[in-house]
Amino acid sequence: MDRSRPHARRPLAVLLTATAVAAAGVTALTPDARAADADLARNGGFETGLDGWNCPAGATVTSPVHSGASALKATPAGSDNARCAQTVTVKPDSAYTLSGYVRGAYVYLGASGTGTTDVSTWTQSAPDWQKLTTTFRTGPSTTRVTIYTHGWYGIGAYHADDITLVGPGGGTGQPPAPPTGLTASGATSTSVALSWSPAAGATSYAVYRDGARIRTVTGTSTTVTGLSPSTAYAFQVAALNDAGESARSATVTATTSAPDSGGGDSGLPEHALVGYLHASFANGSGYTRLADVPDSWDVIDLAFGEPTSVTSGDIRFERCPATECPGVESDAEFKAAIRAKQAAGKKVLISIGGQNGQVRLTTTAARDTFVSSVSRIIDEYGLDGLDIDFEGHSLSLDTGDTDFRNPKTPVIVNLISALKTLKAKYGDDFVLTMAPETFFVQLGHQFYGSGPWGGQDPRAGAYLPVIHALRDDLTLLHVQDYNSGPIMGLDGQYHSMGGADFHIAMTDMLLTGFPVAGDANRVFPPLRPDQVAIGMPATVNAGNGHVSPAEVVKTLNCLTRNTDCGSYRTHGTWPSLRGLMTWSINWDRFGGWEFQRTFDGYFG
């Protein structure tokens, strides 16, 4: 999948030449450090993770390292050079030496905001650790300088370690006064919103929960997520600047609400098995009659309802013809099988979209057509609800649409409106599920839409505003943890398909919540565990990312029992996790019902 569009850039050779000329023009400093000089870089060896650094595309690794136990690894993309930076307090009109060790191709080390000439140095190729050094003098009024390292667009990952900035420290000054006016509001079963008055001289704020520091933010509000229902928490805030941390504010206490069912009475069992049934097409898995679906399947998604054109909003459900699906049942038999499944307590939904069913509700007319055409399908077959499986280019964000809480893009706004209308029409018993890909959800932790400056893939994180707006109506979210590229988890590490670790990390993000595009002031709140099922392929034929039954069990053990967690540590334990989803029932039958048997063996 093409994840980004490159920025317009000057030729590499031109930039490298300009950089070399600028670096050569700086007057060398005396090599002997003066008595007042100190290393001002914070966590230059990356021994405490990314503390002090802003590295959206970076993570710490334990190998290779230049010294100590950790080093930085950052991976540029086609439109991102994987810049890792920190801002340091310096003294005006003073000399500084910036050094660091790097590995990789086209790796830069530099300083900006010097007040004189910004500098950088680079290496074209460093197969092993290579030291880079540059020097600069601050301007007569410069008190803060940003030091950074970065790679080059799409060339590959680089490593950095032991970065130092040696020179006289800035004035110590005084820490700010404690913040005032701390209030807690908007408590849900898993989150609390905090806000406070700004403190003079503060550059950021430390947030404490029950005496433990949990995050640092630059604004005067934040939403604390990942909390337990019906639990009292004590919060405090301290103000920070270059001189240190203030005393903590007065304590406020907030109690989370009891868990609610959300989305009405879904009628689902405590743990549910969800599967897609190929009802409108055939493939190598073979056709499976609805009546032949075993009783283990609690939610059956009929795949797929598709539009007459991408932007029409007119959804049609055409059952597979006998010429393509030998043994297909008649319409009367199919409807009778739906009623029999419902009588047995199962839910049968129409799934809209799929790989080939692109749906873009670009106008209100398309929105209204979507509502009326989907209603006709639900009414004709007597279905329990709707599954949204928009893939490909169905959802994307317009340039400048950067806040998932207040979307402006028509295809997003119209879909939200359409789903709310259907929910209101059919009432609390209406089952609403969604099956987005990780690109449209968890990738939003790093990238959201085309980004504040454009150039990113506008589809990144595009499901987030839809999920957020409908979280009170949503019965189940089962993200497709397959056919996915590497995704950064809440631990700052990239996770790839192929084992329990990927499913654990991706699900932990949904149940803990996460900053969108790394913005601590725009946190996607956690979903309730009873709203979440984990999407996995049933067999190796069904999709990339299939895992063995043993890895499925490890995933469930970690998330529901806090055992078998491996290297990834979750932010909670969720015994009420709803269950599993798979593509597909047909493929599971083809594979001897292995996925179904794993679910039944675990949950009974």
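Keep in mind that the numbers below use all heavy atoms, side chains included, and drop hydrogens, waters and symmetry copies.
- Listed by chain and residue number, Arg367, Asn414 satisfy the side-chain contact (heavy atoms from CB on, under 4.5 Å) test with Thr364 (two or more places apart in sequence, or in another chain).
- In this structure a side-chain-to-backbone donor-acceptor pair under 3.5 Å is missing from Gln236 to Thr251.
- Checked against salt bridge (Lys or Arg N to Asp or Glu O under 4.0 Å), Arg597 has no partners two or more places apart in sequence or in another chain.
- In this structure, Gln531 contributes its side chain and Arg528 its backbone to a donor-acceptor pair below 3.5 Å.
- Taking 4.0 Å as the cut-off between side-chain N and carboxylate O, Glu437 and Arg459 do not count as a salt-bridged pair.
- Judged purely by atom type and a 3.5 angstrom limit, Gln446 uses its side chain to pair as donor or acceptor with the backbone of Pro56.
- Expressed to the nearest 0.5 Å, how far CE of Met497 lies from NE2 of His546 amounts to 12.5 Å.
- In terms of the side-chain contact (heavy atoms from CB on, under 4.5 Å) criterion, residue partners of Thr48 (sequence neighbours excluded) are, by chain and number, Asn43, Asp51.
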*Show the numbers, then the answer: is there a side chain to side chain donor-acceptor pair (under 3.5 Å) between Thr433 and Thr475?*
CA-CA 6 Å; Thr433 67; Thr475 309; over 6 Å; no

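- A heavy-atom distance below 4.5 Å is found between the side chains of Val374 and Leu386.
- Partners of Val348 under the side-chain contact (heavy atoms from CB on, under 4.5 Å) rule, at least two apart in sequence or in another chain, are Leu302, Ile338, Lys341, Leu383, Asp384.
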*Please lay out, stage by stage, how Tyr276 and Asp389 fare under the test side chain to side chain donor-acceptor pair (under 3.5 Å).*
CA-CA 11 Å; Tyr276 288 79; Asp389 185 14; 4.8 Å; no

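- Residues passing the side-chain hydrogen bond (donor to acceptor under 3.5 Å, both in side chains) test with Thr438, sequence neighbours excluded: Ser484.
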*For side-chain contact (heavy atoms from CB on, under 4.5 Å), just list the numbers for Phe524 and Thr512, CA-CA rounded to whole Å, side-chain angles, deciding distance to a tenth of an Å, and then say yes or no.*
CA-CA 9 Å; Phe524 179 78; Thr512 302; over 6 Å; no

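- For the pair Gln480 (side chain) and Ala435 (backbone), a donor-acceptor distance under 3.5 Å is present.
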*Go through the steps to decide whether Leu415 and Phe390 satisfy the test side-chain contact (heavy atoms from CB on, under 4.5 Å), and finish with yes or no.*
CA-CA 11 Å; Leu415 177 60; Phe390 285 12; 3.8 Å; yes

*Step by step, would you call Leu40 with Thr89 a side-chain contact (heavy atoms from CB on, under 4.5 Å)?*
CA-CA 8 Å; Leu40 307 181; Thr89 300; over 6 Å; no

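- With rounding to the nearest 0.5 angstrom, the CG atom of Leu510 is 6.0 Å from the CG atom of Leu477.
- Checking side-chain atoms of His495 against main-chain N and O of Pro486 turns up no donor-acceptor pair under 3.5 Å.
- Partners of Thr231 under the side-chain hydrogen bond (donor to acceptor under 3.5 Å, both in side chains) rule, at least two apart in sequence or in another chain, do not exist in this structure.
- Counting only distance, with no hydrogens or angles, the side chain of His445 and the backbone of Pro515 share a donor-acceptor pair below 3.5 Å.
- Salt bridge status for Lys408 with Asp398: absent, with no side-chain N to carboxylate O gap under 4.0 Å.
- Relative ring orientation between Trp297 and Phe595 is described as parallel, the plane-to-plane angle staying below 30° on a 0-90° scale split at 30° and 60°.
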*side chain to side chain donor-acceptor pair (under 3.5 Å) between Thr60 and Ser70: does it pass, once the steps are laid out?*
CA-CA 6 Å; Thr60 54; Ser70 299; 5.2 Å; no

*Are Asp210 and Tyr233 close enough, and set up right, to give a side chain to side chain donor-acceptor pair (under 3.5 Å), and what steps lead you there?*
CA-CA 6 Å; Asp210 294 334; Tyr233 292 93; over 6 Å; no

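- With sequence neighbours excluded, no residue satisfies side-chain hydrogen bond (donor to acceptor under 3.5 Å, both in side chains) with Trp574.
- Residue Asp401 comes nearest to Thr409 through the heavy atom pair OD2-OG1, 2.6 Å, listed as atom of the first residue, atom of the second, then distance.
- Considering CD1 of Ile412 and OH of Tyr463, their distance stands at 9.5 Å, rounded to 0.5 Å.
- Considering CD1 of Ile214 and CZ of Arg209, their distance stands at 5.0 Å, rounded to 0.5 Å.
- Looking only at distances, no side-chain donor or acceptor of Ser450 sits under 3.5 Å from a matching main-chain atom of Gln456.
- Smallest separation of non-hydrogen atoms from Asp387 and Met434: OD1-N, 3.7 Å.
- Checked against salt bridge (Lys or Arg N to Asp or Glu O under 4.0 Å), Asp298 has the following partners two or more places apart in sequence or in another chain: Lys346.
- Taking the six-membered ring where tryptophan is involved, the planes of Tyr426 and Phe430 are essentially parallel, since the angle between them stays under 30° and well short of 60°.
- Pairs of residues two or more places apart, or lying in two chains, that qualify as side-chain hydrogen bond (donor to acceptor under 3.5 Å, both in side chains) and include a residue from residues 514-525 are Thr402-Arg522.
- When all heavy atoms of Phe404 and Tyr448 are compared, the pair lying nearest together is CA-OH, 3.2 Å.
- Stacking of Arg83 on the aromatic ring of Tyr148 is recorded, both the 6.0 Å distance cut-off and the 45° axial limit being met.
- Looking only at distances, a side-chain donor or acceptor of Trp53 sits under 3.5 Å from a matching main-chain atom of Arg42.
- Here the shortest heavy-atom pairing between Leu422 and Ser375 reads CD2-OG, 3.4 Å.
- Listed here is the closest heavy atom pair of Pro179 and Ser197: CB-O, 4.1 Å.
- Partners of Pro452 under the side-chain contact (heavy atoms from CB on, under 4.5 Å) rule, at least two apart in sequence or in another chain, do not exist in this structure.
- Nearest approach of Ala184 to Ala254, heavy atoms of both residues: CB-CB, 3.8 Å.
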_Would Thr555 and Val553 count as a side-chain contact (heavy atoms from CB on, under 4.5 Å) here? Give the steps._
CA-CA 5 Å; Thr555 299; Val553 169; over 6 Å; no

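- Using a 4.5 Å heavy-atom cutoff, the side chains of Arg561 and Pro575 are not in contact.
- In this structure, Ser396 contributes its side chain and Pro458 its backbone to no donor-acceptor pair below 3.5 Å.
- Among pairs with a residue in residues 193-219, those fulfilling ring pair (Phe, Tyr, Trp, His ring centres under 6.0 Å) read Trp196-Tyr205, at least two apart in sequence or across chains.
- Atoms CG and CG, from Asp472 and Leu432 in turn, are 12.0 Å apart once rounded to the nearest 0.5 Å.
- A donor-acceptor contact under 3.5 angstrom links the side chains of Asp600 and Ser296, judged on distance only.
- A donor-acceptor pair under 3.5 Å is absent between the side-chain atoms of Thr507 and the main chain of Ile504, judged by distance alone.
- Under the rule for a side-chain hydrogen bond (donor to acceptor under 3.5 Å, both in side chains), the partners of His468 that lie at least two apart in sequence or sit in another chain are Arg471.
- In this structure, the separation between OG1 on Thr220 and CG on Leu194 is 11.0 Å, given to the nearest 0.5 Å.
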